[in-house]
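I have placed the structure first, in the form of structure tokens, so that the comments after it can refer back to it.
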Amino acid sequence: MGFATGLTSVIALTLSSFILPMRAYSLIAPAKINLYLKILGDRADGYHELVMILQSLELGDQVQVRANGIEKIRIYCDHPEVPLDQTNLAHRAAQLMVQQFPEAYANYGGVDIHIEKNIPVAAGLAGGSTDAAAVLVGLDLMWQLGLTYPELEAIAENLGSDVPFCLAGGSAIATGRGEKLDPITNSPCLFVVLAKYRNIGVSTLWAYQTYRQEFSHGYINDPDRMKTQSSKISSSPLVQAITRSNGEEIGKLMHNDLEKIVLPEYPKVAQLRETFARTGVLGTMMSGSGSTVFALCESA
């Protein structure tokens, strides 16, 4: 499938409407793509040390958080591949808020979370993470907690590496395991066409584990050197191209280490990338661990 949407630099989660005063909120939860993904080495916590450039999109899920009057968290979604139990990251986000704020939960009760799924599943577009971020914001509003962004970000870090970025949106450099963010101002006004086979999903865990098995011999082991490599991204040609809105340079400088693992294993995904490359777009790449491939374009 393919569709075009503008890259944005707005806050990723925006309150779109009141359904009932203080009892339900409907939020837009945007997708993201990676413009850059470099794996530096292993961390002590078992994750990888990463350097990424992340960009949110106009494409997004619609997430409604509604008080249900009972002491339960319930997930509703029409998409057959979205789990409706505790394995759903949106459910885990609500449960984490219950644990963090038991008095608010006691006052307001449980919630029904309705997800209108527009972001493809298992696509490398942070669909689960952005839904979780929307739930955090929705419960903060509904329970009148008045949390600051740093406080929400600290909670988000417990759910996954992409969730803090999904709270903020826009364009950002992400380091650590992806949770340390440095916003990029003057993000470009470009268009992106996304393509994904419905029957192909790539496991993020598999992609990173396989990369470790094949390329760990090249990992940086010295913490100081790793820190130095991370800091270089802020003055890199790609970041400079982004701040200058130079779409042609952005397309040339994009990079994703995980393509070395995913594309040989999934030839149809590789073929999508090759097809885009032949059409004269500004640039094309796989997003995250795949299986979505995107192409940057100057116009709709």
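All residue numbers refer to positions in the sequence shown, counting from 1.
In this structure a side-chain-to-backbone donor-acceptor pair under 3.5 Å is present from S161 to R177. Of the possible donor and acceptor atoms, one in the side chain of S203 sits under 3.5 Å from a partner among the backbone N and O of W206. The backbone N or O of N246 lies less than 3.5 Å from no partner atom in the side chain of E249, so there is not a single donor-acceptor pair. Side-chain atoms of N88 come within 3.5 Å of backbone atoms of P83 as a donor-acceptor pair (strictly under, hydrogens ignored). Within the 3.5 Å criterion, the main-chain N or O of N256 finds no donor-acceptor partner in the side chain of N34. Distance alone, capped at 3.5 Å, is enough to place a donor-acceptor pair between the S231 side chain and the T228 backbone. Between the side chain of T130 and the backbone N or O of G127 there is no donor-acceptor pair closer than 3.5 Å. In this structure, Y25 contributes its side chain and V137 its backbone to no donor-acceptor pair below 3.5 Å.
In this structure, the side chains of I173 and S234 come closer than 4.5 Å at one or more pairs of heavy atoms. By the 4.5 Å heavy-atom criterion applied to side chains, D182 and I233 are not counted as neighbours. Contact annotation: the side chain of M254 approaches that of I250 to within less than 4.5 Å [non-hydrogen atoms, C-beta and beyond]. Looking only at side-chain heavy atoms (C-beta outward), P30 and L57 stay at 4.5 Å or farther from each other. A heavy-atom distance below 4.5 Å is found between the side chains of V293 and V269. In this structure, the side chains of R66 and V111 stay at 4.5 Å or more apart for every pair of heavy atoms. Side chains of E298 and F191 form no contact here, defined as non-hydrogen atoms less than 4.5 Å apart. Within the 4.5 Å cutoff, side-chain heavy atoms of C297 are placed close to those of V193.
Checked for salt-bridge contact, D112 and R74 meet the test: a charged N lies under 4.0 Å from a carboxylate O. Using a 4.0 Å cut-off between charged nitrogen and carboxylate oxygen, K117 and D78 do not count as a salt-bridge pair.
Closest heavy-atom contact between N118 and L59: O-CD1, 3.8 Å. Across every non-hydrogen atom of S230 and L40, the tightest pair is OG-CD1, 3.3 Å. Scanning all heavy atoms of the two residues, the minimum distance from A207 to V262 falls at CB-CG2, 4.3 Å. Nearest heavy-atom pair, S289 versus T204, reported as atom, atom and distance to 0.1 Å: OG-OG1, 2.9 Å. Contact between L145 and F101 at its shortest, heavy atoms only, is CD1-CD1, 3.8 Å. Contact detail for G138 and V65: the closest heavy-atom pair is CA-CG2, 4.4 Å.
Counting only N and O atoms by type, the side chains of S26 and Q64 include no donor and acceptor under 3.5 Å apart. If you check the side chains of K232 and Q229, you find a donor sitting under 3.5 Å from an acceptor. Judged purely by distance below 3.5 Å, without hydrogens or angles, the side chains of R273 and T284 never pair a donor atom with an acceptor atom. For the residue pair Q144/Y108, the side-chain donor-acceptor check at 3.5 Å is satisfied. For the residue pair S235/Q240, the side-chain donor-acceptor check at 3.5 Å is not satisfied.
Residues V82 and I73 fall into different hydrophobic clusters, defined by Ile, Leu, Val, Met, Phe, Trp and Tyr side chains chained together at heavy-atom separations under 4.5 Å. Clustering ILVMFWY residues whenever any of their side-chain heavy atoms sit less than 4.5 angstrom apart, transitively, puts I70 in a cluster other than the one holding M142. Residues V98 and V135 share a hydrophobic cluster, clusters being chains of Ile/Leu/Val/Met/Phe/Trp/Tyr side chains in contact below 4.5 Å. Linking ILVMFWY side-chain heavy atoms closer than 4.5 Å, directly or via other members, places V121 and I33 in two distinct hydrophobic clusters. In the hydrophobic clustering of this structure, Y36 groups with I220; members are Ile, Leu, Val, Met, Phe, Trp, Tyr whose side-chain heavy atoms approach within less than 4.5 Å, directly or through other members.
Taking a 6.0 Å sphere around CD of Q99, one finds it holds more than 12 heavy atoms contributed by other residues, nucleotides or ligands. For K180, the NZ atom sits in a loose shell: 12 or fewer heavy atoms of surrounding residues, nucleotides or ligands are nearer than 6.0 Å. For E248, the CD atom counts as loosely surrounded, since its 6.0 Å shell holds 12 or fewer non-hydrogen atoms of other residues, nucleotides or ligands. With a 6.0 Å radius and a threshold of 12 heavy atoms from other residues, nucleotides or ligands, R244 has its CZ atom above the threshold.
For the ring pair (Phe, Tyr, Trp, His ring centres under 6.0 Å) condition, the pairs that include at least one residue of residues 40-76, sequence neighbours left out, are H48-Y208, H48-Y219, Y76-H114.
Residue D140 holds its CG atom at 13.5 Å from OH of Y149, rounded to the nearest 0.5 Å. Taking CG of L296 as the start and NZ of K252 as the end, the distance is 13.5 Å to the nearest 0.5 Å. Remark: L194 CG to I119 CD1 distance equals 10.0 Å, nearest 0.5 Å. Atoms CD and CG, from Q271 and L263 in turn, are 12.0 Å apart once rounded to the nearest 0.5 Å. One finds the CE atom of M52 at 8.5 Å from the CG atom of L181 (value rounded to the nearest 0.5 Å). Put simply, CD1 on I184 and OG on S171 are 5.5 Å apart, with the number rounded to the nearest 0.5 Å.
Under the 6.0 Å distance and 45° angle rule, K260 counts as a cation-pi partner of F215.
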Inset, instruction - Step by step, work out the side-chain contact (heavy atoms from CB on, under 4.5 Å) result for L50 and T175. - result: CA-CA 5 Å; L50 304 173; T175 55; over 6 Å; no

Inset, instruction - Determine, stepwise, if the pair Y197 / Y266 fulfils side-chain contact (heavy atoms from CB on, under 4.5 Å). - result: CA-CA 11 Å; Y197 282 96; Y266 294 89; over 6 Å; no

Legend entry - CA sep, side-chain torsions, deciding dist, call: D42, E49, side-chain contact (heavy atoms from CB on, under 4.5 Å): CA-CA 6 Å; D42 279 321; E49 187 75 19; over 6 Å; no

Inset, instruction - Carefully, step by step, assess L37 and I39 under the rule side-chain contact (heavy atoms from CB on, under 4.5 Å). - result: CA-CA 7 Å; L37 192 162; I39 300 172; 3.9 Å; yes

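With T292 as the fixed residue, the side-chain contact (heavy atoms from CB on, under 4.5 Å) test singles out one of M286, K196, M285: K196.
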